[in-house]
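Chain identifiers are assigned alphabetically (A, B, ...) following the order of the sequence lines, protein sequences preceding nucleic acid strands; residue numbering begins at 1 within each chain.
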Amino acid sequence: MNITVGMSGGVDSAVAAYLLKKQGHAVTGVFMLNWEEEDANGVCTAADDYEDVRRVCDVIDIPYYTVNFSTEYRERVFSVFQHEYAAGRTPNPDVLCNSEIKFNAFLDFTLQTQADALATGHYARLTKRDGLTMLLRGTDRNKDQSYFLCTLNQRQLNRAMFPVGDMQKRDVRKIAADIGLPNAAKKDSTGICFIGERKFFDFISRHVPTKSGDMVDVDTQKVLGRHQGLSHYTVGQRKGIGLGGMGSGAAWFVADKDVPHNILYVCQGRDHPALYREGLETEGFSWIMGESPAQSFACTAKFRYRQQDAPCKVVVQARGVRVLFDTKQRAVTPGQYCVLYDGEVCLGGGVILRGC
RNA sequence: UGGGGUGUAGCCAAGUGGUAAGGCACGGGACUUUGACUCCCGCAUUCGUAGGUUCAAAUCCUGCCACCCCAG
């Protein structure tokens, strides 16, 4: 097969490319440049990453080149990111990036280049069942990235390959080291995909209009201070509230946001009841199989990445799903994705409209 | 300008003669392909201020300053 590997400069995609080449496929490494802003130090990290791609591909001995989807990224991912924050929600741009850029704009592009499939270094697995492509959690429980792939559809998954999805991260690094890949010990990348680690407060300030307002105690309704713009806060957040020396002495957390009135509601104590929700509703829901398994059913849910699965009941609604947790969950956050799982199988995901 | 009280880090607050607890906030790091959470580390040579007593004072004494309360 002719396989294009989306290469980031990291070990996972590098080893993915190596494994496919070793299996006899015709592999081409492609580096995507989707964000052209320098970081706080004036450094363009993408240049360093591409340099790693070059060196890796030389070692593996495969052709490589770079493509630029920064326009598509800005229009289809970043604009949504901005609108969501402006609306008081906390978006997950990386989920959107997978469905709109990597496995959409980029996938289409690679197919036009005669590639048969697009491989990435994601920790997730694919398997066929009844003619459908199922998305499974990555074998490495600590690295599982199926959450980020929750909105991919059959068309996209049918052309996708995740060569390291059934491996442990440490084994991936070992292979990288064994074959002499220069990035074998490179630190895992973090931050928004393609944008990278940022001082988030400043980043939001630059890209989203913010307006300061009152911080109100959810219990007493008293104004305790000023917030610096609702977009800077996420439900359940502790950092940045700046309150101290009051009440019980415990830390304060963001309980809720009133966007129309520009009020940040805060509460004291990590386990304050105001932080808990019985369930949630999503706006729309993307089913991996194309449709829901039933009108209502039991399964587990993650409503943020790297969170333990919460057992729940799901009811499919006209738009989206309604999820009722077996036990109350802390900090259900509008804008984040609620991803459903049936054991190893990722059923799909939808954006959280509200906790309830 | 009679009486009483209080002044310890950005905030709250232990400590009443033996060489500055703790919490919150904040900063840094770890974790992490979102944002958060979490964890770890750091954070008052100094206790309103000026003197005095003492081997030794945030702790005792005196003056001054500030704030609060009661009475005027």
Touch check for [X], heavy atoms < 4.0 angstrom, all strands: base, sugar-phosphate only, or nothing?
X         : answer
Gly240(A) : sugar-phosphate
Ser8(A)   : nothing
Tyr233(A) : nothing
Gln336(A) : base
Gly249(A) : sugar-phosphate

**OP:** State whether a side-chain donor-acceptor pair under 3.5 Å links Asn34(A) with Lys102(A).
**Re:** no
Spacing of the [atom1] atoms in [M] and [N] (rounded, Å):
N      : M      : atom1 : result
C12(B) : G7(B)  : C1'   : 15 Å
U49(B) : A58(B) : P     : 11 Å
G52(B) : U45(B) : C1'   : 22 Å
A9(B)  : A14(B) : P     : 13 Å
U54(B) : U16(B) : C1'   : 16 Å
G17(B) : C60(B) : C1'   : 8 Å
U59(B) : A21(B) : C1'   : 15 Å
U19(B) : C47(B) : C1'   : 13 Å

To the nearest Å, give me how far apart [atom1] ([X]) and [atom2] ([N]) are.
X         : N      : atom1 : atom2 : value
Leu243(A) : G10(B) : CG    : P     : 17 Å
Leu224(A) : C11(B) : CG    : C1'   : 13 Å
His272(A) : C37(B) : NE2   : C1'   : 17 Å
Gln237(A) : A36(B) : CD    : P     : 6 Å
Arg306(A) : C39(B) : CZ    : P     : 15 Å
Lys302(A) : G35(B) : NZ    : C1'   : 17 Å
Gln307(A) : U32(B) : CD    : P     : 17 Å
Gln308(A) : C37(B) : CD    : P     : 19 Å

**OP:** Would you classify C37(B) as syn or anti? Syn applies when the glycosidic angle is within 90° of 0.
**Re:** syn
Base partner of [N], which must satisfy Watson-Crick or wobble distances under 3.5 Å:
N      : answer
U16(B) : none
U38(B) : A30(B)
A66(B) : U6(B)

Original post:
Of Asn142(A), Asp12(A), Thr139(A), which is the lone residue that meets side chain to side chain donor-acceptor pair (under 3.5 Å) with Tyr123(A)?
Top reply: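 Going through Asn142(A), Asp12(A), Thr139(A) one by one, the side chain to side chain donor-acceptor pair (under 3.5 Å) with Tyr123(A) is satisfied by Asp12(A) alone.
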Subject >> Residue pairs fulfilling salt bridge (Lys or Arg N to Asp or Glu O under 4.0 Å) with at least one residue in residues 223-250 of chain A, sequence neighbours excluded >> reply: Asp214(A)-Arg226(A)
If you only use heavy atoms from C-beta on, which nucleotide in [options] is closest to the side chain of [X]?
X         : options                : value
Phe253(A) : U33(B), U32(B), C37(B) : C37(B)
Ala251(A) : C37(B), C24(B), U32(B) : C24(B)
Phe200(A) : G35(B), U32(B), U33(B) : G35(B)
Thr234(A) : A36(B), U33(B), C37(B) : A36(B)
Arg304(A) : C24(B), U34(B), U32(B) : U34(B)
Trp252(A) : C24(B), C37(B), U34(B) : C24(B)

Original post:
Does Phe303(A) have its ring centroid less than 6.0 Å away from the ring centroid of Phe325(A)?
Top reply: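 Centroid separation for Phe303(A) and Phe325(A): below 6.0 Å.
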If the cut-off is 4.0 Å, is [X] near the phosphate of [N], judged by side-chain N/O to OP1 or OP2?
X         : N      : result
Lys143(A) : U33(B) : yes
Arg238(A) : C24(B) : yes
Asn142(A) : C31(B) : no
Tyr337(A) : U34(B) : no

Subject >> 5'-most by nearest nucleotide on RNA chain B - Lys239(A) or Gly247(A) >> reply: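 That would be Gly247(A).
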Original post:
Does Gly236(A) or Asn98(A) map to a spot on RNA chain B nearer the 5' end, using the closest nucleotide for each?
Top reply: Asn98(A)
Original post:
Given the rule in the ring pair (Phe, Tyr, Trp, His ring centres under 6.0 Å) test, do Tyr305(A) and Phe148(A) qualify, once you have shown the distances and angles that lead to the verdict?
Top reply: CA-CA 8 Å; Tyr305(A) 179 54; Phe148(A) 291 108; 4.4 Å; yes
Original post:
Are any side-chain N or O atoms of Arg89(A) and backbone N or O atoms of Ala86(A), one a donor and one an acceptor, separated by less than 3.5 Å?
Top reply: no
Original post:
Less than 4.5 Å apart, any side-chain heavy atom of Leu347(A) and any of Ile288(A)?
Top reply: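 They are not in contact (no side-chain heavy atoms under 4.5 Å apart), so the answer is no.
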Original post:
With side chains defined as the heavy atoms from C-beta onward, is the minimum distance between Phe162(A) and Leu149(A) less than 4.5 Å?
Top reply: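 A side-chain contact exists here, since the closest heavy-atom pair is under 4.5 Å.
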